[in-house]
A.B. asks: 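If you scroll down you'll find the structure; I have some questions about it.
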Amino acid sequence: MERLDKFLCDCGAGSRSQVKGILKSGRVTLDGKPIKDGSVKLDPDKNEVCLDGERIEKEGTLVLMLNKPMGYVTATEDATEPTVMELLPAGWRSRVKPIGRLDKQTEGLLLFTDDGDLLHRLISPKKEVPKLYYAKHEGTAGEDDVKAFREGVTLKDGTVCLPAKLEPLGEGESLVTVCEGKYHQVRRMLASRGMPVTYLERRAEGSLVLGDLPRGQVRKLSQTEINLLEK
Ligand code: URA
């Protein structure tokens, strides 16, 4: 929660004394009600502040969550394939870049941001943000596969992966949590154990979950949700 007068200053409405005058003249509403008292508290993620009838917001970091459908490549441009950028509203498209990537055939949680520092922090292997995937695959994962994932799977080309979590869900279905982002990583990890993937969906990054955002839809994250990414 923060004070209305401080929020107005942070949004660039004016200096502290100008904001006092703006409030006094009744030009500010909070959730539709005119407010003259700058000490009133608000939650910028929940309450709507308008100045002269126009909503104002802080120019903070923009982070978008997309529920990616299959068939789109994660690239800002591509000569032949549809890109994930085409799924973003035009006003946001020119501002943001994807955080990491999902394969053309993979669905689910894909994030975008206009904050270069955040982007680099989140894709850095040092940061090891866990990513949770739901996979349908041939065969059924067993205890030996769980152990192999826990110890670090060796891919068919000899690459050794960091320890990962495999949770069998029954016949031909598993959850996989990895902390790195090698090319086709989850597909190659399951294939190396004789379980080629037939469907893959990313469901969470850090403590941030995809939830019920419909496939193909995009939404802006709140500051509270952005904080969850680095937890
Ligand atoms: N692992 C994969 O194999 N594909 C993805 O898109 C993401 C992780």
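Order of appearance sets the numbers: ligands from 1, and atoms from 1 within every ligand.
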A.B. asks: Return yes when atom CD of Glu77 has more than 12 non-hydrogen atoms of other residues, nucleotides or ligands closer than 6.0 Å, and no otherwise.
C.D. replies: no

A.B. asks: To which protein heavy atom is atom 5 (C) of ligand 1 closest, and what is the distance rounded to 0.1 Å?
C.D. replies: Asp103 OD2, 3.4 Å

A.B. asks: Show which atoms of ligand 1 fall inside a sub-4.0 Å distance from at least one heavy-atom site of Thr106.
C.D. replies: 4 (N), 5 (C), 6 (O)

A.B. asks: Under 4.0 Å between a side-chain nitrogen and a carboxylate oxygen: does that hold for Arg101 and Asp103?
C.D. replies: yes

A.B. asks: Which part of Val197 is near ligand 1, with near meaning a heavy atom under 4.0 Å away: side chain, backbone, both or neither?
C.D. replies: neither

A.B. asks: With a 4.0 Å cut-off on heavy atoms, does Tyr133 reach ligand 1?
C.D. replies: yes

A.B. asks: Does atom CG of Asp212 have more than 12 heavy-atom neighbours, drawn from other residues, nucleotides or ligands, at distances under 6.0 Å?
C.D. replies: no

A.B. asks: Below 3.5 Å, N or O to N or O, backbone or side chain included: is there any such pair between Arg188 and ligand 1?
C.D. replies: no

A.B. asks: Should Arg215 and Glu201 count as an ion pair when the cut-off is N to O under 4.0 Å?
C.D. replies: yes

A.B. asks: Heavy-atom count around Phe7 CZ within 6.0 Å, excluding the residue itself: above 12?
C.D. replies: yes

A.B. asks: Give me the nearest non-hydrogen protein atom to atom 1 (N) of ligand 1 as residue plus atom name, then the distance to 0.1 Å.
C.D. replies: Val186 N, 3.1 Å

